[in-house]
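Numbered from 1 within each chain, the chains take letters A, B, ... in sequence-line order. Just so you know, these numbers use all the heavy atoms, side chains as well, and skip hydrogens, waters and symmetry mates.
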2 protein chains.
Amino acid sequence: MAVRTKRPAGERTRAAILHEAVSLATVEGLEGLSIGTLASALDMSKSGLYAHFGSKEALQLATVDEAGRVFEAEVIDPALAAPPGVDQLVAVCEAFFEHLERRRFPGGCFFAGAVLEMGARPGPVNERIVAFQSSFIALVRQFVARAQELGEVAEDEDPDQLTFELNGIILAANMTFILHQDPRSLDLARQVVRRRLGVTEAGASGADVGREVFAGQG
Amino acid sequence: MAVRTKRPAGERTRAAILHEAVSLATVEGLEGLSIGTLASALDMSKSGLYAHFGSKEALQLATVDEAGRVFEAEVIDPALAAPPGVDQLVAVCEAFFEHLERRRFPGGCFFAGAVLEMGARPGPVNERIVAFQSSFIALVRQFVARAQELGEVAEDEDPDQLTFELNGIILAANMTFILHQDPRSLDLARQVVRRRLGVTEAGASGADVGREVFAGQG
DNA sequence: CCTACCGATCGGTAGG
DNA sequence: CCTACCGATCGGTAGG
(Lines give C-alpha, C1' and ligand atoms only; values in the text may rest on other atoms or scores of the structure.)
Protein backbone atom coordinates (compact mmCIF):
# COMPACT_ATOMS: atom_id res chain seq x y z
CA MET A 1 0.00 0.00 0.00
CA ALA A 2 2.38 2.69 1.21
CA VAL A 3 5.58 3.62 -0.58
CA ARG A 4 8.65 2.32 1.19
CA THR A 5 10.18 5.05 3.33
CA LYS A 6 12.86 4.65 5.92
CA ARG A 7 11.31 2.13 8.32
CA PRO A 8 7.56 2.05 7.88
CA ALA A 9 7.14 -1.48 9.26
CA GLY A 10 9.05 -0.61 12.40
CA GLU A 11 6.95 2.48 12.95
CA ARG A 12 3.72 0.64 12.37
CA THR A 13 4.87 -2.01 14.82
CA ARG A 14 5.77 0.62 17.37
CA ALA A 15 2.38 2.27 16.97
CA ALA A 16 0.63 -1.08 17.37
CA ILE A 17 2.67 -1.80 20.50
CA LEU A 18 1.78 1.53 22.06
CA HIS A 19 -1.88 1.21 21.15
CA GLU A 20 -2.00 -2.09 23.00
CA ALA A 21 0.23 -0.80 25.82
CA VAL A 22 -2.13 2.06 26.71
CA SER A 23 -5.13 -0.26 26.87
CA LEU A 24 -3.27 -2.86 28.89
CA ALA A 25 -1.96 -0.20 31.28
CA THR A 26 -5.49 0.89 32.18
CA VAL A 27 -6.10 -2.68 33.37
CA GLU A 28 -2.73 -3.77 34.79
CA GLY A 29 -1.33 -0.36 35.65
CA LEU A 30 1.88 1.13 34.27
CA GLU A 31 3.96 -0.95 36.68
CA GLY A 32 1.90 -4.10 36.20
CA LEU A 33 2.25 -3.77 32.43
CA SER A 34 4.89 -6.39 31.67
CA ILE A 35 6.93 -6.68 28.52
CA GLY A 36 6.18 -10.41 28.28
CA THR A 37 2.42 -10.00 28.56
CA LEU A 38 2.44 -7.12 26.11
CA ALA A 39 4.54 -9.12 23.64
CA SER A 40 2.30 -12.16 23.74
CA ALA A 41 -0.80 -9.97 23.31
CA LEU A 42 0.80 -8.80 20.06
CA ASP A 43 2.18 -12.22 19.04
CA MET A 44 5.72 -10.93 19.23
CA SER A 45 8.79 -12.15 21.02
CA LYS A 46 9.63 -10.38 24.25
CA SER A 47 13.02 -9.20 23.10
CA GLY A 48 11.66 -8.12 19.73
CA LEU A 49 9.30 -5.77 21.50
CA TYR A 50 11.95 -4.76 24.01
CA ALA A 51 14.27 -3.64 21.20
CA HIS A 52 11.84 -0.85 20.34
CA PHE A 53 12.33 0.85 23.69
CA GLY A 54 15.48 -0.33 25.45
CA SER A 55 14.09 -0.26 28.95
CA LYS A 56 10.81 -0.69 30.75
CA GLU A 57 10.89 2.93 31.83
CA ALA A 58 11.22 4.07 28.21
CA LEU A 59 8.22 1.90 27.33
CA GLN A 60 6.25 3.47 30.17
CA LEU A 61 7.16 6.98 29.04
CA ALA A 62 6.17 6.20 25.45
CA THR A 63 2.91 4.74 26.75
CA VAL A 64 2.14 7.91 28.71
CA ASP A 65 2.83 9.98 25.59
CA GLU A 66 0.55 7.79 23.51
CA ALA A 67 -2.21 8.10 26.13
CA GLY A 68 -1.71 11.86 25.97
CA ARG A 69 -2.22 11.84 22.21
CA VAL A 70 -5.44 9.89 22.58
CA PHE A 71 -6.69 12.25 25.29
CA GLU A 72 -5.85 15.26 23.14
CA ALA A 73 -7.69 13.85 20.15
CA GLU A 74 -10.76 12.70 22.05
CA VAL A 75 -11.16 15.31 24.79
CA ILE A 76 -8.98 18.38 24.27
CA ASP A 77 -9.45 18.92 20.53
CA PRO A 78 -13.26 18.82 20.64
CA ALA A 79 -13.18 21.25 23.57
CA LEU A 80 -10.88 23.62 21.69
CA ALA A 81 -13.24 23.48 18.73
CA ALA A 82 -16.19 24.60 20.87
CA PRO A 83 -17.14 28.30 21.09
CA PRO A 84 -15.63 30.04 24.13
CA GLY A 85 -17.88 30.54 27.11
CA VAL A 86 -20.06 28.18 29.07
CA ASP A 87 -20.54 26.08 25.93
CA GLN A 88 -16.84 25.28 26.01
CA LEU A 89 -17.02 24.17 29.63
CA VAL A 90 -19.91 21.89 28.79
CA ALA A 91 -18.01 20.66 25.72
CA VAL A 92 -14.89 19.63 27.61
CA CYS A 93 -16.95 17.66 30.13
CA GLU A 94 -19.11 16.15 27.41
CA ALA A 95 -16.06 15.12 25.38
CA PHE A 96 -14.68 13.41 28.47
CA PHE A 97 -17.96 11.58 29.12
CA GLU A 98 -18.05 10.38 25.52
CA HIS A 99 -14.41 9.29 25.81
CA LEU A 100 -15.55 7.09 28.70
CA GLU A 101 -18.75 5.95 27.01
CA ARG A 102 -16.79 4.91 23.93
CA ARG A 103 -14.85 2.56 26.22
CA ARG A 104 -11.65 3.56 24.52
CA PHE A 105 -9.73 1.88 27.33
CA PRO A 106 -11.03 -0.98 29.43
CA GLY A 107 -9.97 0.60 32.74
CA GLY A 108 -11.48 4.06 32.21
CA CYS A 109 -9.49 7.28 32.03
CA PHE A 110 -5.78 6.49 31.68
CA PHE A 111 -4.56 9.59 33.49
CA ALA A 112 -6.95 9.39 36.45
CA GLY A 113 -5.57 5.94 37.15
CA ALA A 114 -1.96 6.82 36.36
CA VAL A 115 -1.87 9.84 38.70
CA LEU A 116 -3.01 7.70 41.64
CA GLU A 117 -0.82 4.73 40.71
CA MET A 118 2.39 6.72 40.30
CA GLY A 119 1.67 9.53 42.78
CA ALA A 120 3.98 8.08 45.43
CA ARG A 121 6.59 6.80 42.97
CA PRO A 122 8.91 9.67 42.12
CA GLY A 123 10.72 9.53 38.80
CA PRO A 124 10.47 10.46 35.15
CA VAL A 125 7.25 8.52 34.53
CA ASN A 126 5.49 10.24 37.41
CA GLU A 127 6.76 13.62 36.22
CA ARG A 128 5.41 13.11 32.73
CA ILE A 129 2.00 12.10 34.08
CA VAL A 130 1.88 15.08 36.44
CA ALA A 131 2.89 17.44 33.64
CA PHE A 132 0.09 16.24 31.37
CA GLN A 133 -2.55 16.28 34.09
CA SER A 134 -1.48 19.76 35.22
CA SER A 135 -1.64 21.09 31.67
CA PHE A 136 -5.17 19.76 31.30
CA ILE A 137 -6.28 21.49 34.52
CA ALA A 138 -4.59 24.68 33.32
CA LEU A 139 -6.51 24.46 30.06
CA VAL A 140 -9.84 24.04 31.84
CA ARG A 141 -8.94 27.04 33.98
CA GLN A 142 -8.39 29.06 30.79
CA PHE A 143 -11.82 28.02 29.55
CA VAL A 144 -13.32 29.11 32.87
CA ALA A 145 -11.55 32.49 32.82
CA ARG A 146 -12.68 33.11 29.24
CA ALA A 147 -16.27 32.23 30.11
CA GLN A 148 -16.12 34.67 32.98
CA GLU A 149 -14.74 37.42 30.73
CA LEU A 150 -17.68 36.80 28.43
CA GLY A 151 -20.05 37.29 31.34
CA GLU A 152 -21.32 33.70 31.17
CA VAL A 153 -19.88 32.82 34.57
CA ALA A 154 -20.84 35.05 37.51
CA GLU A 155 -18.28 37.67 38.52
CA ASP A 156 -18.22 36.53 42.13
CA GLU A 157 -17.15 33.00 41.16
CA ASP A 158 -13.56 32.04 41.84
CA PRO A 159 -12.10 30.48 38.66
CA ASP A 160 -9.91 28.13 40.70
CA GLN A 161 -12.92 26.88 42.62
CA LEU A 162 -14.96 26.26 39.49
CA THR A 163 -12.03 24.52 37.80
CA PHE A 164 -11.63 22.34 40.88
CA GLU A 165 -15.33 21.44 40.79
CA LEU A 166 -15.29 20.57 37.09
CA ASN A 167 -12.26 18.36 37.66
CA GLY A 168 -14.16 16.73 40.52
CA ILE A 169 -17.16 16.06 38.30
CA ILE A 170 -14.87 14.46 35.73
CA LEU A 171 -13.20 12.26 38.33
CA ALA A 172 -16.51 11.26 39.90
CA ALA A 173 -17.87 10.39 36.44
CA ASN A 174 -14.86 8.17 35.81
CA MET A 175 -15.17 6.42 39.16
CA THR A 176 -18.94 5.95 38.85
CA PHE A 177 -18.60 4.58 35.34
CA ILE A 178 -15.95 2.11 36.52
CA LEU A 179 -17.98 1.11 39.56
CA HIS A 180 -21.24 0.45 37.72
CA GLN A 181 -20.09 -0.16 34.15
CA ASP A 182 -23.34 1.49 33.10
CA PRO A 183 -23.56 4.29 30.51
CA ARG A 184 -26.55 5.70 32.40
CA SER A 185 -24.18 6.66 35.23
CA LEU A 186 -22.99 9.42 32.95
CA ASP A 187 -26.47 10.94 32.68
CA LEU A 188 -26.17 12.09 36.28
CA ALA A 189 -22.76 13.61 35.52
CA ARG A 190 -24.28 15.47 32.57
CA GLN A 191 -27.08 16.84 34.75
CA VAL A 192 -24.59 18.00 37.36
CA VAL A 193 -22.51 19.85 34.77
CA ARG A 194 -25.51 21.64 33.32
CA ARG A 195 -27.02 22.59 36.63
CA ARG A 196 -23.69 23.84 37.97
CA LEU A 197 -23.14 25.99 34.89
CA GLY A 198 -26.71 27.24 34.72
CA VAL A 199 -27.41 25.62 31.36
CA THR A 200 -31.10 24.87 31.12
CA GLU A 201 -31.46 22.50 28.20
CA ALA A 202 -29.63 19.30 27.38
CA GLY A 203 -27.66 20.18 24.25
CA ALA A 204 -25.90 23.37 25.21
CA SER A 205 -22.95 22.84 22.92
CA GLY A 206 -23.05 22.35 19.20
CA ALA A 207 -19.30 21.82 19.09
CA ASP A 208 -18.95 18.28 20.25
CA VAL A 209 -21.31 16.63 17.87
CA GLY A 210 -22.35 13.01 17.53
CA ARG A 211 -25.12 13.23 20.10
CA GLU A 212 -28.08 15.28 18.77
CA VAL A 213 -30.23 18.11 20.18
CA PHE A 214 -29.80 21.86 19.65
CA ALA A 215 -32.86 22.08 21.82
CA GLY A 216 -33.27 25.54 23.24
CA GLN A 217 -30.08 27.41 22.45
CA GLY A 218 -29.63 27.95 18.74
CA MET B 1 2.39 -7.04 79.55
CA ALA B 2 -0.82 -8.76 78.48
CA VAL B 3 -2.10 -11.97 80.00
CA ARG B 4 -1.58 -14.96 77.74
CA THR B 5 -4.75 -15.65 75.78
CA LYS B 6 -5.12 -17.94 72.83
CA ARG B 7 -2.64 -16.46 70.35
CA PRO B 8 -1.91 -12.85 71.19
CA ALA B 9 1.47 -12.76 69.47
CA GLY B 10 0.00 -14.11 66.27
CA GLU B 11 -2.75 -11.53 66.30
CA ARG B 12 -0.36 -8.71 67.01
CA THR B 13 1.80 -9.91 64.14
CA ARG B 14 -1.19 -10.08 61.85
CA ALA B 15 -2.23 -6.56 62.81
CA ALA B 16 1.30 -5.30 62.18
CA ILE B 17 1.35 -7.03 58.80
CA LEU B 18 -1.94 -5.46 57.76
CA HIS B 19 -0.93 -2.02 59.00
CA GLU B 20 2.15 -2.18 56.78
CA ALA B 21 0.22 -3.82 53.93
CA VAL B 22 -2.29 -0.98 53.65
CA SER B 23 0.43 1.64 53.52
CA LEU B 24 2.48 -0.32 51.02
CA ALA B 25 -0.59 -0.93 48.86
CA THR B 26 -1.18 2.82 48.46
CA VAL B 27 2.28 3.04 46.92
CA GLU B 28 2.67 -0.25 45.03
CA GLY B 29 -1.00 -1.02 44.44
CA LEU B 30 -2.83 -4.12 45.65
CA GLU B 31 -1.37 -6.17 42.81
CA GLY B 32 2.10 -4.68 43.13
CA LEU B 33 2.11 -5.44 46.83
CA SER B 34 4.34 -8.51 46.98
CA ILE B 35 4.62 -10.95 49.84
CA GLY B 36 8.42 -10.79 49.69
CA THR B 37 8.59 -6.99 49.87
CA LEU B 38 6.02 -6.89 52.65
CA ALA B 39 7.91 -9.56 54.61
CA SER B 40 11.25 -7.78 54.38
CA ALA B 41 9.65 -4.47 55.39
CA LEU B 42 8.56 -6.28 58.56
CA ASP B 43 11.80 -8.27 59.01
CA MET B 44 9.95 -11.50 58.61
CA SER B 45 10.46 -14.49 56.38
CA LYS B 46 8.26 -14.66 53.32
CA SER B 47 6.67 -17.96 54.25
CA GLY B 48 6.19 -16.86 57.85
CA LEU B 49 4.07 -13.99 56.62
CA TYR B 50 2.41 -16.13 53.99
CA ALA B 51 1.22 -18.57 56.68
CA HIS B 52 -1.04 -15.89 58.13
CA PHE B 53 -3.14 -15.71 54.98
CA GLY B 54 -2.68 -18.76 52.77
CA SER B 55 -2.88 -16.96 49.45
CA LYS B 56 -2.11 -13.59 47.98
CA GLU B 57 -5.80 -13.00 47.34
CA ALA B 58 -6.59 -13.60 51.01
CA LEU B 59 -3.88 -11.09 51.94
CA GLN B 60 -5.41 -8.58 49.52
CA LEU B 61 -8.88 -9.09 50.98
CA ALA B 62 -7.56 -8.66 54.52
CA THR B 63 -5.75 -5.52 53.41
CA VAL B 64 -8.95 -4.05 51.94
CA ASP B 65 -10.76 -4.81 55.20
CA GLU B 66 -8.01 -3.15 57.23
CA ALA B 67 -8.15 -0.08 54.97
CA GLY B 68 -11.91 -0.02 55.53
CA ARG B 69 -11.41 0.01 59.30
CA VAL B 70 -9.01 2.94 59.04
CA PHE B 71 -11.41 4.83 56.78
CA GLU B 72 -14.27 4.20 59.18
CA ALA B 73 -12.28 5.42 62.16
CA GLU B 74 -10.86 8.50 60.45
CA VAL B 75 -13.65 9.61 58.11
CA ILE B 76 -16.95 7.87 58.77
CA ASP B 77 -17.02 7.94 62.59
CA PRO B 78 -16.31 11.69 62.86
CA ALA B 79 -19.01 12.33 60.27
CA LEU B 80 -21.52 10.18 62.18
CA ALA B 81 -20.69 12.12 65.33
CA ALA B 82 -21.54 15.44 63.67
CA PRO B 83 -25.04 16.95 63.99
CA PRO B 84 -27.31 16.10 61.05
CA GLY B 85 -27.76 18.75 58.43
CA VAL B 86 -25.29 20.77 56.42
CA ASP B 87 -22.82 20.55 59.30
CA GLN B 88 -22.65 16.81 58.75
CA LEU B 89 -21.91 17.26 55.05
CA VAL B 90 -19.11 19.67 55.90
CA ALA B 91 -17.90 17.24 58.58
CA VAL B 92 -17.58 14.25 56.27
CA CYS B 93 -15.58 16.29 53.75
CA GLU B 94 -13.46 17.86 56.48
CA ALA B 95 -12.74 14.46 58.03
CA PHE B 96 -11.59 13.24 54.63
CA PHE B 97 -9.35 16.26 54.10
CA GLU B 98 -7.77 15.73 57.52
CA HIS B 99 -7.33 12.04 56.72
CA LEU B 100 -5.29 13.18 53.71
CA GLU B 101 -3.47 15.94 55.58
CA ARG B 102 -2.44 13.50 58.30
CA ARG B 103 -0.69 11.52 55.54
CA ARG B 104 -2.00 8.33 56.99
CA PHE B 105 -0.97 6.52 53.81
CA PRO B 106 1.84 7.64 51.53
CA GLY B 107 -0.23 7.24 48.36
CA GLY B 108 -3.34 9.18 49.45
CA CYS B 109 -6.81 7.67 49.82
CA PHE B 110 -6.58 3.88 49.67
CA PHE B 111 -10.02 3.37 48.13
CA ALA B 112 -9.75 6.05 45.46
CA GLY B 113 -6.66 4.26 44.19
CA ALA B 114 -8.02 0.77 44.69
CA VAL B 115 -11.24 1.39 42.74
CA LEU B 116 -9.27 2.56 39.70
CA GLU B 117 -6.61 -0.14 40.02
CA MET B 118 -9.05 -3.04 40.33
CA GLY B 119 -11.93 -1.62 38.32
CA ALA B 120 -11.18 -3.76 35.27
CA ARG B 121 -10.06 -6.82 37.25
CA PRO B 122 -13.17 -8.79 38.21
CA GLY B 123 -12.98 -10.98 41.28
CA PRO B 124 -13.47 -11.06 45.03
CA VAL B 125 -10.98 -8.25 45.73
CA ASN B 126 -12.68 -5.93 43.29
CA GLU B 127 -16.08 -6.82 44.75
CA ARG B 128 -14.99 -5.99 48.27
CA ILE B 129 -13.60 -2.63 47.17
CA VAL B 130 -16.74 -1.78 45.22
CA ALA B 131 -18.92 -2.76 48.19
CA PHE B 132 -17.07 -0.48 50.56
CA GLN B 133 -16.96 2.44 48.17
CA SER B 134 -20.67 2.05 47.37
CA SER B 135 -21.58 1.97 51.05
CA PHE B 136 -19.66 5.21 51.61
CA ILE B 137 -21.51 6.93 48.77
CA ALA B 138 -24.79 5.60 50.17
CA LEU B 139 -23.92 7.06 53.57
CA VAL B 140 -23.17 10.46 52.11
CA ARG B 141 -26.48 10.28 50.28
CA GLN B 142 -28.22 9.66 53.60
CA PHE B 143 -26.52 12.72 55.05
CA VAL B 144 -27.70 14.76 52.08
CA ALA B 145 -31.28 13.51 52.35
CA ARG B 146 -31.35 14.27 56.08
CA ALA B 147 -30.00 17.78 55.51
CA GLN B 148 -32.71 18.35 52.95
CA GLU B 149 -35.39 17.12 55.37
CA LEU B 150 -34.09 19.64 57.88
CA GLY B 151 -34.47 22.39 55.31
CA GLU B 152 -30.74 23.07 55.16
CA VAL B 153 -30.48 21.97 51.55
CA ALA B 154 -32.82 23.59 49.03
CA GLU B 155 -35.90 21.59 48.08
CA ASP B 156 -35.17 21.82 44.38
CA GLU B 157 -31.77 20.12 44.79
CA ASP B 158 -31.47 16.54 43.61
CA PRO B 159 -29.83 14.48 46.41
CA ASP B 160 -28.11 12.24 43.87
CA GLN B 161 -26.59 15.23 42.15
CA LEU B 162 -25.32 16.78 45.37
CA THR B 163 -23.91 13.43 46.52
CA PHE B 164 -22.16 13.10 43.16
CA GLU B 165 -20.68 16.58 43.53
CA LEU B 166 -19.43 15.95 47.06
CA ASN B 167 -17.82 12.72 45.90
CA GLY B 168 -16.20 14.69 43.09
CA ILE B 169 -14.83 17.27 45.52
CA ILE B 170 -13.36 14.47 47.62
CA LEU B 171 -11.75 12.83 44.60
CA ALA B 172 -10.40 16.12 43.28
CA ALA B 173 -8.95 16.90 46.73
CA ASN B 174 -7.20 13.53 46.76
CA MET B 175 -5.78 13.99 43.27
CA THR B 176 -4.68 17.58 43.92
CA PHE B 177 -3.02 16.62 47.19
CA ILE B 178 -1.15 13.80 45.44
CA LEU B 179 -0.17 16.03 42.52
CA HIS B 180 1.20 18.89 44.60
CA GLN B 181 2.02 17.24 47.92
CA ASP B 182 1.01 20.53 49.51
CA PRO B 183 -1.42 20.85 52.44
CA ARG B 184 -2.53 24.22 51.06
CA SER B 185 -4.14 22.38 48.13
CA LEU B 186 -6.81 21.35 50.59
CA ASP B 187 -7.72 24.95 51.40
CA LEU B 188 -9.27 25.27 47.97
CA ALA B 189 -11.23 22.07 48.54
CA ARG B 190 -12.51 23.48 51.85
CA GLN B 191 -13.63 26.69 50.16
CA VAL B 192 -15.45 24.73 47.46
CA VAL B 193 -17.32 22.64 50.03
CA ARG B 194 -18.45 25.68 52.00
CA ARG B 195 -19.47 27.71 49.00
CA ARG B 196 -21.37 24.79 47.47
CA LEU B 197 -23.25 24.18 50.73
CA GLY B 198 -23.90 27.84 51.42
CA VAL B 199 -21.86 27.90 54.62
CA THR B 200 -20.53 31.39 55.10
CA GLU B 201 -17.82 31.06 57.74
CA ALA B 202 -14.92 28.66 57.98
CA GLY B 203 -15.79 26.50 60.97
CA ALA B 204 -19.29 25.34 60.23
CA SER B 205 -19.00 22.10 62.13
CA GLY B 206 -18.09 21.70 65.77
CA ALA B 207 -18.14 17.93 65.45
CA ASP B 208 -14.87 17.20 63.77
CA VAL B 209 -12.60 19.04 66.14
CA GLY B 210 -8.84 19.44 66.07
CA ARG B 211 -8.85 22.51 63.84
CA GLU B 212 -10.21 25.57 65.69
CA VAL B 213 -12.71 28.33 64.79
CA PHE B 214 -16.40 28.44 65.81
CA ALA B 215 -16.32 31.75 64.03
CA GLY B 216 -19.80 32.87 63.13
CA GLN B 217 -22.08 29.91 63.80
CA GLY B 218 -22.28 29.10 67.51
C1' DC C 1 7.13 -18.65 62.87
C1' DC C 2 11.63 -20.75 60.17
C1' DT C 3 14.89 -22.79 56.05
C1' DA C 4 14.88 -24.62 51.78
C1' DC C 5 12.94 -25.35 47.83
C1' DC C 6 9.50 -25.45 43.32
C1' DG C 7 8.17 -23.72 38.43
C1' DA C 8 6.97 -19.44 36.31
C1' DT C 9 7.80 -14.90 35.12
C1' DC C 10 10.22 -10.57 35.65
C1' DG C 11 13.48 -6.92 33.14
C1' DG C 12 17.33 -7.19 30.54
C1' DT C 13 21.41 -9.06 27.46
C1' DA C 14 24.17 -11.67 23.78
C1' DG C 15 24.39 -12.60 19.31
C1' DG C 16 22.50 -12.89 15.19
C1' DC D 1 12.78 -8.67 14.46
C1' DC D 2 14.37 -13.75 16.38
C1' DT D 3 16.30 -17.75 19.87
C1' DA D 4 18.52 -18.52 23.87
C1' DC D 5 19.94 -17.20 27.89
C1' DC D 6 21.06 -14.39 32.67
C1' DG D 7 20.09 -13.41 37.86
C1' DA D 8 16.31 -11.89 40.61
C1' DT D 9 11.86 -12.19 42.23
C1' DC D 10 7.16 -13.88 41.97
C1' DG D 11 3.33 -16.86 44.57
C1' DG D 12 3.25 -20.97 46.71
C1' DT D 13 4.76 -25.64 49.08
C1' DA D 14 7.27 -29.16 52.14
C1' DG D 15 8.61 -30.06 56.38
C1' DG D 16 9.63 -28.76 60.65
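For the residue pair Leu30(A) and Glu117(A), the shortest heavy atom distance occurs at N-OE1, 2.8 Å.
Ion pairing of Glu72(A) with Arg69(A) is absent here, as no side-chain N (NZ or NE/NH1/NH2) approaches a carboxylate O to less than 4.0 Å. For the pair Glu157(B) and Arg196(B), the salt-bridge criterion is met [side-chain N within less than 4.0 Å of a carboxylate O].
Ring orientation note: the planes of Phe105(B) and His99(B) are nearly perpendicular, at an angle over 60° on the 30°/60° scale. Ring-plane geometry between Phe71(A) and Phe136(A) is classed as perpendicular, the angle between the planes exceeding 60 degrees on a 0 to 90 degree scale with a lower cut at 30.
Taken residue by residue, residues 30-44 of chain A places heavy atoms nearer than 4.0 Å to DNA chain C at Leu33(A), Ser34(A), Ile35(A), Gly36(A), Thr37(A).
Map Gly54(A) and Ser45(B) each onto its nearest nucleotide of DNA chain C; the residue landing nearer the 5' end is Ser45(B).
With hydrogens and angles ignored, a donor-acceptor pair under 3.5 angstrom links the side chain of Lys46(A) to the base of dG11(C).
In this structure, CG of Leu59(B) is placed 13 Å from P of dC10(D), rounded to the nearest angstrom. Taking atom CG on Leu49(B) and atom C1' on dG12(D), their separation rounds to 13 Å, with Å as the unit. Whole-Å rounding puts the Glu28(B) CD to dC10(D) C1' distance at 14 Å. Following rounding to the nearest Å, Lys56(A) (NZ) and dA8(D) (C1') show an atom-to-atom distance of 14 Å.
Across all strands shown, dT3(C) pairs with dA14(D); the Watson-Crick or G-U wobble distances both stay below 3.5 Å. Look at dT9(D): its Watson-Crick or wobble partner, with both distances under 3.5 angstrom, is dA8(C).
Looking only at atom types and distance, the side chain of Gln133(B) has no donor-acceptor partner in the side chain of Arg128(B) under 3.5 Å away.
Of the candidates dA14(C), dC2(C), dG11(D), the closest approach to any side-chain atom of Ser47(A) belongs to dA14(C).
At the phosphate of dG11(C), neither OP1 nor OP2 sits under 4.0 Å from any side-chain N or O atom of Tyr50(A).
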